Amino acid sequence: MATLQQLSTNHLLGIKYLEPEDIHLIFETTRNFKEVLNRPIKKVPSLRDITVANLFFENSTRTRISFELAEKRLSADIVNFSASASSVKKGETLLDTVNNILSMKVDMVVMRHPAPGAHHFLAQHIDANIINAGDGTHEHPTQALLDAFSMWEKVGDLAGKKIAIFGDILHSRVALSNIFCLNKLGAQVKVCGPPTLIPKYIEKLGVTVEHDLRKTLQWCDVANVLRIQLERQDLKYFPSLREYALYYGINKPLLDSLDKPIVIMHPGPINRGVEITGDVADSDHSIILQQVENGVAVRMAVLFLLASGR
Ligand code: CP
C-alpha cells in the first residue's frame with residue numbers, strides 16, 4: 001500500500017470519510033508518538049502556537065482527558081468548554097457559540113455533540129480543523145482508530161482477522177465507526193446481540209449478524225464488547241438487565257470453555273456485571289486499559305497530521 005505523507009482530509013468527521021491509506025498513516029504516526037510517550041520527557045513542540053478548543057456538549061471521561069493530554073504532550077494551547085456551564089444554557093446556537101470561540105483565534109476544534117452531523121455542519125461554516133469526539137449515535141472516529149490500533153498491536157495485520165462487536169449496536173457510534181474502520185482494513189466483522197439491538201439493514205455495511213453469544217465468541221479472534229446505552233433508549237429493547245446479562249453477558253466460565261483464547265476489548269464506560277463481568281474485564285484476556293493508553297497516542301497522531309496540513 002502506498003504511504004501518504006499527509007491526510008486526504010482537513011477534518012476528522014468520521015471514519016467513513018477516510019481512505020485506508022489515511023488509517024495506515026495515522027497508525028504509523030501513532031507508533032512514533034507511543035515511543036515519545038514512553039520517554040522520561042513526554043512533551044514535543046509539534047503543536048506550538050496552535051490553539052485547540054475542546055467543546056464537550058455531552059459527558060465524557062476518557063475521550064476528553066485523552067484529547068487534553070494529547071494536546072498538552074504536543075505543546076498546544078488549550079481552551080476547554082463544557083455545555084453545562086456555558087451560555088448554551090441561555091439559548092445560544094451551536095454556530096454562534098463556536099464562532100465566538102473562533103474569533104479568539106482558535107485553530108482546531110475537538111467536539112462531542114449529541115446531534116449526529118453537528119460536525120459536518122460546523123465544517124461547512126468555519127475555518128478550523130474539526131475533530132469528531134462523538135456525535136450522537138453516528139460516529140466516534142478516534143475510538144475506532146484506537147480500537148483498531150490496539151487490535152493490530154495484539155493480533156497483527158487485521159486483514160482477514162475475525163472481529164466481533166457485541167451488544168447495543170443500534171445506539172452505538174463506536175460500533176458504526178469500528179465497522180467502517182475494520183472493513184477498510186480488510187477484517188471480517190460480525191455483530192452479535194439481541195435482535196432488537198441490531199439495526200435491520202446492518203448487513204449492507206458489510207458485516208454478518210449472529211444472535212448466539214457462545215457461537216460468536218467461538219468464531220472470533222477479538223471481541224469488542226459494547227455498553228448497553230440506557231440513556232439513549234426511549235423504548236424497552238429487552239425485559240431486564242438481569243436477563244440481558246444472562247443471554248449476552250460475557251463471563252469467565254464462558255471464556256474458559258472456548259477452544260482458543262480471544263482478546264477482550266471494551267471502549268468504556270463498563271457496566272460490570274451486565275455486558276461483561278468484572279473478572280473478565282480485569283483478566284489477562286482484556287486489553288481495556290491498553291486501549292485507553294493508546295488513545296492518547298492516536299489522538300496525538302490525528303491532531304499532528306491535521307495541523308501539518310494547515
Ligand atoms: N469511550 C468513550 O468515549 O468514553 P467517554 O464517554 O468517557 O469519553
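First listed ligand is number 1; within each ligand, the first listed atom is number 1. Computed from a prediction, not measured in an experiment: that's the story for all the values here. Along the sequence shown, the residues carry numbers beginning at 1.
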Determine whether the side chains of Asn129 and Arg310 contain a donor N or O and an acceptor N or O closer than 3.5 Å.
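Asn129 vs Arg310: donor-acceptor pair found between side chains.
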Ligand-side contact atoms (ligand 1) for residue partner Gln143, heavy atom cut-off under 4.0 Å:
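This gives 1 (N), 2 (C) as the contact atoms.
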Could you check [atom] against the protein and tell me its nearest heavy-atom contact, residue, atom and distance included?
{"atom": "atom 6 (O) of ligand 1", "answer": "Arg112 NH1, 2.9 Å"}
{"atom": "atom 4 (O) of ligand 1", "answer": "Arg62 NE, 3.0 Å"}
{"atom": "atom 1 (N) of ligand 1", "answer": "Pro267 O, 2.9 Å"}
{"atom": "atom 7 (O) of ligand 1", "answer": "Thr61 N, 2.8 Å"}
{"atom": "atom 2 (C) of ligand 1", "answer": "Thr63 OG1, 3.5 Å"}

Report yes if Pro269 has an N/O atom closer than 3.5 Å to an N/O atom of ligand 1; otherwise report no.
no
Which of these passes side-chain contact (heavy atoms from CB on, under 4.5 Å) with Leu145: Ile26, Asn294, Asp22, Asn178?
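So the option named by the test is Ile26.
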Quick one: sort the Phe81 and Phe57 rings into parallel, tilted or perpendicular, breaks at 30° and 60°.
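Ring orientation, 0 to 90° scale: tilted.
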Parallel, tilted or perpendicular, judged at 30° and 60°: which one describes the rings of Phe27 and Phe149?
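It falls in the perpendicular class, over 60°.
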Min heavy-atom dist Gly268 to ligand 1 below 4.0 Å:
yes
Over-ring placement of Arg299 relative to Phe67, 6.0 Å and 45° cut-offs:
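Flagged: Arg299 positioned over aromatic ring of Phe67.
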Asp282 and Arg272: salt bridge (charged side-chain N to carboxylate O under 4.0 Å, His left out), yes or no, with the steps?
CA-CA 10 Å; Asp282 301 331; Arg272 284 176 185 252; 2.9 Å; yes
